Amino acid sequence: MRDVDLHLEPGERVLVLGPSGAGKSTLAAALAGILVEGETAGTLRVDGRVGLVQQDPEAQIVLSRVGDEVAFGCENLAVPPDEIWPRVRSALDAVGLAVPLGHSTAELSGGQQQRLALAGALAMRPGLLVLDEPTANLDPAGVIEVRNAVARATADRGITLVVIEHRVETWLPLVDRVVVLTAEGGLLADGPPDAVLSAARAELDAAGVWLPGWVPRRARPVVPRGVALLRAGALSVGRTPFGGRQPVVAASGIGLEARSGRALAITGPNGSGKTTLALTLGGLLTPVAGEVVAAAALAQGIRADPARWRPRQLAPRIGSVFQNPEHQFVRATVREEVLLGATPRRADELLGRLRLTRLAEANPFTLSGGEKRRLSVATALAAAPPVLILDEPTFGQDRRTWGELVALLAGLLDDGVSVVAVTHDRAFVDALADDESPLGGER
């Protein structure tokens with residue numbers, strides 16, 4: 001961001017929009033007083049306590065139990081002990097996180113972690129609440145639930161609200177002001193929602209803002225059934241908690257096939273086991289029961305169980321994009337990250353396709369959330385695997401980069417790659433999926 005002038009009145013509810021990489025998360029960090037790197041100019045003054053929900057909720061979880069995590073901020077603010085636990089329970093109820101207070105924070109799904117982070121912020125009763133893409137990993141019902149929880153928390157105008165989002169429609173009923181940043185980090189528009197969306201519609205559309213009423217087009221026709229490359233039968237998936245001996249089952253009774261040239265969407269509410277299933281299909285977790293079997297065309301002469309493949313056998317056969325992209329970064333620059341599995345020519349091609357060329361020498365951990373997601377896709381594509389498994393592939397994308405990512409995946413499908421995507425993004429499912437495998441479970 002540069003040369004941005006903003007004045008927020010007490011009780012205002014502000015939606016901040018802009019393309020991926022425009023500086024929205026940097027603004028959130030600055031408002032919360034945690035911007036510790038980079039160069040600064042000008043002034044920033046905040047009157048009151050700030051509660052922040054970061055783009056990556058896992059990054060702000062510090063304790064091992066849900067109740068303790070929500071209480072942590074209150075304890076640091078010296079809230080009287082007899083007030084803390086009523087606040088904790090009220091905040092958890094408000095965000096719809098229905099787990100015991102002693103539940104392990106390490107066992108929460110990505111969407112549940114976002115609810116937990118929001119509960120921790122609300123329990124502190126801040127004067128300024130800053131939310132950085134607070135619903136990005138939530139199922140559709142959870143999006144509305146969290147939006148309504150924020151509405152209740154700010155109803156008396158005792159809290160000033162700043163929401164950073166790509167998708168406008170969810171938050172328009174709640175906010176009374178819209179601020180739009182440009183791709184260069186400046187200010188494109190600022191004013192009442194209706195005025196901004198009508199007067200600057202063309203500029204917003206060009207900037208990749210998700211405008212109300214936009215409907216995605218189908219990226220490619222539904223294709224005939226291809227060759228089965230990966231099959232799950234009577235599958236149960238789960239993870240063993242830290243210090244435990246037996247895995248906790250996240251989902252069971254699963255049967256599905258990943259076929260060449262077809263996209264399979266794995267959908268379902270938060271906590272239903274989608275991420276655990278993706279890791280199991282990708283050979284990164286061992287099935288609790290049942291089996292995951294690679295076809296001969298995928299295994300190519302090695303054993304058919306991906307969980308028993310060595311890393312060098314796995315990478316060129318099944319590529320995985322994790323829910324948290326930071327979990328797969330291991331190099332000091334963006335280009336080096338992609339070069340781990342690609343030739344220099346292929347690396348430069350991927351960086352260009354995913355709008356990362358200008359960031360080639362940047363540290364991967366300094367990118368915006370949307371840029372990190374695109375880099376994680378590039379690293380998975382580097383070895384050109386015939387099966388690609390993606391966990392929330394469109395997280396953090398503006399409409400333009402979303403469309404480019406969908407087009408890239410459509411091209412891979414046309415080349416015969418099998419794409420398996422865990423997603424809450426119904427637009428993505430409608431645009432690309434040939435098959436859908438919903439998981440059940442309680443949110």
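Note that the numbering runs from 1 along the sequence shown for the chain. Computed from a predicted model, the values in this text were never measured in an experiment. Atom set for the values below is all heavy atoms of this structure, side chains included, hydrogens, waters and symmetry mates excluded.
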Are Leu204 and Leu188 close enough that some pair of their side-chain heavy atoms sits under 4.5 Å apart? yes
State, with a plain yes or no, whether a side-chain heavy atom of Leu390 is found less than 4.5 Å away from one of Leu388. yes
CG of Leu277 to CG of Leu256: how many Å apart, nearest 0.5 Å? 6.0 Å
State whether Lys24 and Glu133 are salt-bridged, where the test is any N-O pair (Lys NZ or Arg NE/NH1/NH2 against Asp/Glu carboxylate O) under 4.0 Å. no
Could you list the donor-acceptor pairs under 3.5 angstrom formed by side chains in residues 414-422, with sequence neighbours left out?
residue, atom, partner, partner atom, Å
Asp414, OD1, Arg220, NE, 3.1
Asp414, OD1, Arg220, NH2, 3.3
Ser418, OG, Arg259, N, 3.4
Ser418, OG, Arg259, O, 3.1

How long is the straight-line distance from CD of Glu69 back to OG of Ser64, given to the nearest 0.5 Å? 9.5 Å
Side-chain donor/acceptor of Gln60 to backbone N/O of Pro57, under 3.5 Å: no
Taking side chain as C-beta onward, heavy atoms only, is Trp309 less than 4.5 Å from Ile318? yes
Applying the side-chain hydrogen bond (donor to acceptor under 3.5 Å, both in side chains) criterion to His424, which one of Thr135, Thr394, Asn270 satisfies it? Asn270
Below 4.5 Å, heavy atoms only, C-beta onward: do Leu412 and Leu381 meet side chain to side chain? yes
I'd like to know if Arg399 and Glu404 make a salt bridge, using a cut-off of under 4.0 Å between side-chain N and carboxylate O. no
Do the side-chain N and O atoms of Ser90 and Asp93 include a donor-acceptor pair separated by under 3.5 angstrom? no
Is the closest side-chain donor-acceptor distance between Asp425 and Trp402 under 3.5 Å? yes
Can you tell if the side chain of Val387 reaches within under 4.5 Å of the side chain of Arg317, non-hydrogen atoms only? no
After noting the C-alpha distance and the side-chain angles of His103 and Gln112, does the key distance pass the side chain to side chain donor-acceptor pair (under 3.5 Å) rule? CA-CA 12 Å; His103 190 83; Gln112 290 171 322; 5.7 Å; no
Run the side-chain donor-acceptor check on residues 280-297: report pairs under 3.5 Å with partners two or more places apart or on a different chain.
residue, atom, partner, partner atom, Å
Thr280, OG1, Thr276, O, 2.8
Glu291, OE2, Arg231, NH2, 3.2

For the pair Asp435 and Arg262, find out whether any cationic side-chain nitrogen is under 4.0 Å from an anionic carboxylate oxygen. yes
Does Arg346, at its CZ atom, have more than 12 non-hydrogen atoms belonging to other residues, nucleotides or ligands within less than 6.0 Å? yes
CG-CG distance between Leu118 and Leu129, expressed to the nearest 0.5 angstrom: 6.5 Å
Salt-bridge present (Arg218, Asp434; N to O < 4.0 Å): yes
SB check Arg335 Asp348 (cutoff 4.0 Å): yes
Heavy-atom side-chain contact between Val50 and Pro126 under 4.5 Å: no
Check whether any side-chain heavy atom of Met1 sits under 4.5 Å from a side-chain heavy atom of Leu27, and report yes or no. yes
Ionic contact status for Arg177 with Asp190, cut-off 4.0 Å: yes
Arg147 and Glu165 ion-paired at < 4.0 Å: no
Would you say the side chain of Trp210 lies within less than 4.5 Å of the side chain of Glu169, judging by non-hydrogen atoms? no
Expected output: side-chain Glu326 to main-chain Lys372 donor-acceptor under 3.5 Å: no
Any side-chain donor-acceptor pair under 3.5 Å between Ser376 and Arg373? yes
Please evaluate residues Arg115 and Glu145 with respect to the criterion salt bridge (Lys or Arg N to Asp or Glu O under 4.0 Å), reporting the C-alpha separation (whole Å), side-chain torsions for both, the decisive distance (0.1 Å), and the verdict. CA-CA 10 Å; Arg115 293 168 187 254; Glu145 195 170 58; 2.7 Å; yes
